[in-house]
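Structure, as structure tokens:
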Amino acid sequence: MPQPARVRFAPSPTGFLHIGGARTALYNFLLARQTGGQFLLRIEDTDQKRLVPGALENLLASLRWLGLQWDEGPELGGPNAPYLQSQRKEIYRAHADELIARGSAYPCFCTPARLTELRTRQQQRKEPPRYDGLCRRLTPAEAEARRLAGEPHVVRFKMPHEGATSAVDVLRGEITVQNKDLDDSILLKTDGWALYHLAAMVDDHLMEITHVIRSSEWLPSLPLHAMIHRAFGWDEPLWCHLSVFLKPSGKGKMSKREGAELMKEGHSVFVHDLRELGYTPEGVVNWIALMGASFDERQDVFSLQELVERFSLDHLTPAPAAVNFSKADHFNGVHLRRLAPEELARRMRPFFEKAGLAAEEDLLGRIAPLVQERMVTLEDGVEMAGFFFREQVIPAGSDLVGKGMTPQASADAVHAASEILARHPDLADPALEVELRALAERLGLKPGQLFGILRAAVTGQTVSPPLFGSMAIIGRAKVLARLAAAESTLRAM
RNA sequence: GCCCCCAUCGUCUAGCGGCCCAGGACGUGGCCCUCUCAAGGCCAAAACACGAGUUCGAAACUCGUUGGGGGCACCA
């Protein structure tokens, strides 16, 4: 049994949960569950200016919808509370002071204007943009005096000028960077708020995080983060940087810009959109789990529990992965088909209601087996089975005419079929199909011709669930009424 | 511009020196099943980026090239 892992998902509430974040959360969750450890949720909201209203609520709701319940975090608390960084300001400030005292950080009094100018000059000279170390050269006494005088300042990390720094990423091995290529990053802003580099490292240590599983966007700052841990004298967590998601074309990072375009084709990168489009948590989880990973040589359909059992960091790939939405459809269809009919009915109901159809759950439960293997999303159920819940259907006249037939012959066929149906008190009687097939033969029609007409008449659609199962559910009275209506439409043509 | 990372079918991947003239899945094409549409079954096309090494042997190891991605904020 491996050591219990304490991991965390630490989003910033600057937007809604997207599939990239969801996958990061998933992997953290899986490792925690598999090892009997804890999955923490920490909100990185130190930049108050960037907060987006509703983002936090969306994050929590989306995570829960996916089934990724955290063990410690917002709304739950825990031994390391608070889990909102905005409530931990003093902790970071104290740690920044400690770093200064240890000689690993220093106050910097440079104004934003000076820094902007510095950067502009460096770019003109094609030099890498880097702090020039002006305040680093201040004597401790001088710096302390200016600090006590209340002069506005930030706190910077004192990056060594010589040597190199190495850190190990679980998926990539040792990564080494020359220290001269690193900057004296700001840890604490003028307003006293910590930046990610400080806040996240301090919290990860205080919360006893064992594995930092995060987006590979953080890879370039891994040396800095490792050095911050070392400067405090702390043990480092295991670092694991996940590949980024690319656009379906494979060109460029998946962005929110793409979102609007995708929505038009019934896809989205946002978890709440996926939910509204009729995707299931099972489908989404399966889909994102396998983007950039493989957990079994022969199997690719997994429940959350199966993923918990098979998950392993060694099965993750470091290369960027292009998002493939047709695969989302596939996995969603598979998981839809795995649902018990009653469960499928329960999940479809809100979509019928949204479409203005009062769908009772027990009736939906009888319909479910008929539509289950034809659905990609829950939304599809409405299009496929809406006719069950409408008083009447209005088929297009052209759909009522049998293939290669005249309206007259079609009307006659409907009439003859009605007579047969009228003799059956129970439309679920298997003999019904036998009789109607015999009718088709008598009329010189192929079964498909006759059934096509009846399908249009009864469902109002050219594509529908199986005809006989559908008629049995609709009931004899309604079926006969719809056939009568169809016949008169045909007679009038 | 500088730094870092990555590189097997269109896409996600298996492969951790001989089991590979490379396996699976999605998608695509064909056939079967069939009352429509699906689902399901069978079959097919489809890849080791390139060049040098190392080795008896390289998809696997090393270096280079090319290509792709990420980062270089008082954002995260």
Side-chain angles (χ1 to χ4, degrees), chain A residues 10-15 44-47 49-50 108 110-112 115-116 119 122-123 125-130 152-156 169 171-172 175-178 181-183 185-191 193 195-197 199-200 214-223 241 243-244 246 248-253 287 290-301 314-315 317-331 333-334 337 371-376 380 384 433 436-437 440 446-456 459 461-468:
Chain A
S12 139
T14 52
E44 314 235 320
D45 57 351
T46 52
D47 188 2
K49 291 189 298 290
R50 297 207 316 150
C108 171
C110 294
T111 62
L115 297 176
T116 307
R119 209 161 17 238
Q122 287 167 329
Q123 274 162 0
R125 279 185 260 148
K126 301 237 188 268
E127 287 169 10
R130 216 94 76 194
H153 63 278
V154 300
V155 174
R156 286 182 184 273
D169 174 80
L171 306 184
R172 286 160 261 254
I175 290 165
T176 303
V177 177
Q178 298 302 313
D181 291 325
L182 265 18
D183 203 1
S185 300
I186 294 176
L187 303 177
L188 210 63
K189 296 191 274 183
T190 305
D191 61 11
W193 285 98
L195 251 19
Y196 178 91
H197 300 310
R214 59 183 358 181
S215 157
S216 67
E217 284 157 0
W218 292 113
L219 210 46
S221 39
L222 173 59
H241 293 85
S243 61
V244 292
L246 269 26
S249 62
K251 303 279 177 203
K253 190 166 77 154
W287 176 48
L290 262 40
M291 293 185 63
S294 157
F295 298 110
D296 191 297
E297 290 214 29
R298 305 182 311 279
Q299 187 185 340
D300 51 18
V301 174
D314 332 311
H315 290 145
T317 50
V323 172
N324 182 342
F325 286 99
S326 58
K327 219 152 183 166
D329 289 345
H330 171 254
F331 282 122
V334 169
R337 271 170 251 133
V371 295
Q372 192 155 24
E373 63 193 28
R374 288 156 233 276
M375 300 168 62
V376 168
D380 293 341
M384 192 95 53
E433 180 170 348
L436 284 175
R437 282 182 185 278
K446 291 191 168 164
Q449 286 177 294
L450 176 61
F451 297 160
I453 299 169
L454 299 181
R455 163 173 291 106
T459 70
Q461 304 169 182
T462 54
V463 172
S464 83
L467 181 60
F468 293 94

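Residue numbering restarts at 1 for every chain, and letters A, B, ... go by the order of the sequence lines. The structure presented is a predicted model; accordingly, all values stated were derived computationally and were not measured. Only this structure's heavy atoms are used, side chains among them; waters, hydrogens and symmetry mates stay out.
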Check your understanding: Which is true for A:Val154 with a 4.0 Å heavy-atom rule: it touches a base, it touches only sugar-phosphate, or it touches nothing?
Key -> base

Review point. Using atom C1' of each nucleotide, how far apart are B:rG10 and B:rA47 to the nearest Å?
Key: 10 Å

Review point. Under 4.0 Å between a side-chain N/O of A:Thr317 and OP1 or OP2 of B:rU13, yes or no?
Key: yes

Practice item. Kindly say whether, by distance alone, the side chain of A:Thr190 makes a donor-acceptor pair under 3.5 Å with the base of B:rC74? Key: yes

Practice item. Mind checking A:Pro223 for me? I need base, sugar-phosphate or nothing, with any heavy atom below 4.0 Å counting as a touch. Key: nothing

Practice item. Rounded to whole angstrom, note down the P distance from B:rC4 over to B:rA46. Key: 40 Å

**Study point:** Spacing of A:Asp300 atom CG relative to B:rA25 atom C1', expressed in whole Å
**Key:** 5 Å

Review point. If only side-chain N and O atoms of A:Lys126 are considered, is one of them under 4.0 Å from the OP1 or OP2 phosphate oxygen of B:rC2?
Key: no

Check your understanding: Now, which nucleotide makes the Watson-Crick or G-U wobble pair with B:rG40, with each of the two distances under 3.5 Å?
Key -> B:rC32

Check your understanding: Nearest-Å distance, CG (A:Asp329) to C1' (B:rA38)?
Key -> 14 Å

Exercise for review: Could you measure between the two P atoms, the one in B:rG18 and the one in B:rA60, and give it in whole Å?
Suggested key: 12 Å

Exercise for review: Give the rounded distance in Å between these two atoms: CD of A:Glu373 and P of B:rA38.
Suggested key: 12 Å

Exercise for review: Look through every strand shown and name the nucleotide pairing with B:rC48 as Watson-Crick or G-U wobble, where both distances are under 3.5 Å.
Suggested key: none

**Study point:** Nearest non-hydrogen partners of A:Val154 and A:Ile186, listed with the distance
**Key:** CB-CG2, 3.9 Å

Exercise for review: Return the 5'-most residue of the pair A:Ala293, A:Ser216 with respect to RNA chain B, ranking by each residue's nearest nucleotide.
Suggested key: A:Ala293

Revision key, fill the gap. Heavy atoms of A:Ser294 and A:His315 approach each other most closely as O-CB, 3.2 Å

Point to revise | Beyond-backbone contact of A:Tyr196 with A:Asp47, side-chain heavy atoms, under 4.5 angstrom | key: no

Practice item. Classify the nucleic acid contact of A:Leu195 as base, sugar-phosphate or nothing, counting any heavy atom under 4.0 Å across all strands shown. Key: sugar-phosphate

Review point. Mind checking the C1' distance from B:rA58 to B:rC50? Whole angstroms is fine.
Key: 16 Å

**Study point:** Span that lies between the C1' atom of B:rG71 and that of B:rG30, in whole angstrom
**Key:** 48 Å

Point to revise | Interatomic distance where CZ belongs to A:Arg374 and P belongs to B:rA39 [whole Å] | key: 10 Å

**Study point:** Pairwise side-chain contact, A:Asp181 with A:Arg130, heavy-atom cut-off 4.5 Å (strictly under)
**Key:** yes

Exercise for review: Quick one: label A:Leu467 by what it contacts on the DNA or RNA (base, sugar-phosphate, nothing), any heavy atom closer than 4.0 Å.
Suggested key: base

Point to revise | Separation of atom CH2 in A:Trp287 from atom P in B:rU13, rounded to whole Å | key: 13 Å

Revision key, fill the gap. Here the pair of heavy atoms bringing A:Ser464 nearest to A:Arg455 is OG-NE, 2.8 Å

Check your understanding: How would you label the contact of A:Pro466 with the nucleic acid (heavy atoms, under 4.0 Å): base, sugar-phosphate, or nothing?
Key -> base

Review point. Between the base of B:rC75 and the side chain of A:Arg50, is there any donor-acceptor pair under 3.5 Å?
Key: yes

Exercise for review: Examine B:rC72: is either OP1 or OP2 under 4.0 Å from a nitrogen or oxygen in the side chain of A:Arg130? Give yes or no.
Suggested key: no

Exercise for review: May I ask you to verify if any side-chain N or O of A:Lys189 is less than 4.0 angstrom from the OP1 or OP2 atom of B:rA73?
Suggested key: no

Exercise for review: Describe the nucleic acid contact of A:Ser294 in one word from base, sugar-phosphate, nothing, applying a heavy-atom distance below 4.0 Å.
Suggested key: sugar-phosphate

Practice item. Select base, sugar-phosphate, or nothing to describe what A:Gly333 touches, counting heavy atoms under 4.0 Å on all strands. Key: nothing

Check your understanding: Just by modelled atom types, is the A:Asn324 backbone N or O under 3.5 Å from a matching donor or acceptor in the A:Trp287 side chain?
Key -> yes

Check your understanding: Under 4.0 angstrom, heavy atoms only, what part of the nucleic acid is A:Trp193 near: base, sugar-phosphate, or nothing?
Key -> nothing

Practice item. By nearest nucleotide on RNA chain B, pick out whichever of A:Met291 and A:Pro318 is the more 5' one. Key: A:Pro318

Practice item. Quote, to the nearest angstrom, the C1' distance that separates B:rC56 from B:rC12. Key: 36 Å

Review point. How is A:Ser215 classified with respect to the nucleic acid when contacts are heavy atoms under 4.0 Å: base, sugar-phosphate, or nothing?
Key: nothing

Practice item. Taking only the side-chain heavy atoms of A:Ser326 (C-beta and beyond), determine which of B:rU11, B:rG27, B:rC4 contains the nearest atom. Key: B:rG27

**Study point:** P gap between B:rC48 and B:rG23, integer Å
**Key:** 13 Å

Point to revise | Whole-Å distance separating the CG atom of A:Asp183 from the P atom of B:rA73 | key: 7 Å

Review point. Minimum heavy-atom separation for A:Arg50 to A:Ser12, with atom names?
Key: NH2-OG, 4.1 Å

Point to revise | B:rA59 versus B:rG1 - spacing of their C1' atoms, nearest Å | key: 35 Å

Exercise for review: Using Watson-Crick or G-U wobble geometry with both distances below 3.5 Å, tell me the partner of B:rA58, or none.
Suggested key: none

Exercise for review: Can you establish whether the number of heavy atoms outside A:Lys189 located under 6.0 Å from its atom NZ is more than 12?
Suggested key: yes

Review point. To the side chain of A:Val463, which of B:rC37, B:rG27, B:rG70 is closest?
Key: B:rC37

Review point. Atom NZ of A:Lys446 and atom C1' of B:rU34: how far apart are they, to the nearest Å?
Key: 13 Å

Exercise for review: Scan A:Asp181 against the nucleic acid and name what it touches under 4.0 Å (heavy atoms): base, sugar-phosphate only, or nothing.
Suggested key: sugar-phosphate

Exercise for review: Determine: side-chain N/O of A:Arg337 to OP1/OP2 of B:rG40, distance under 4.0 Å, yes or no.
Suggested key: yes

Practice item. Could you state the atom-to-atom distance from CG of A:Leu187 to P of B:rA73 in whole Å? Key: 15 Å

Review point. Just checking A:Lys327: base, sugar-phosphate only, or nothing, at a heavy-atom cut-off of under 4.0 Å?
Key: base

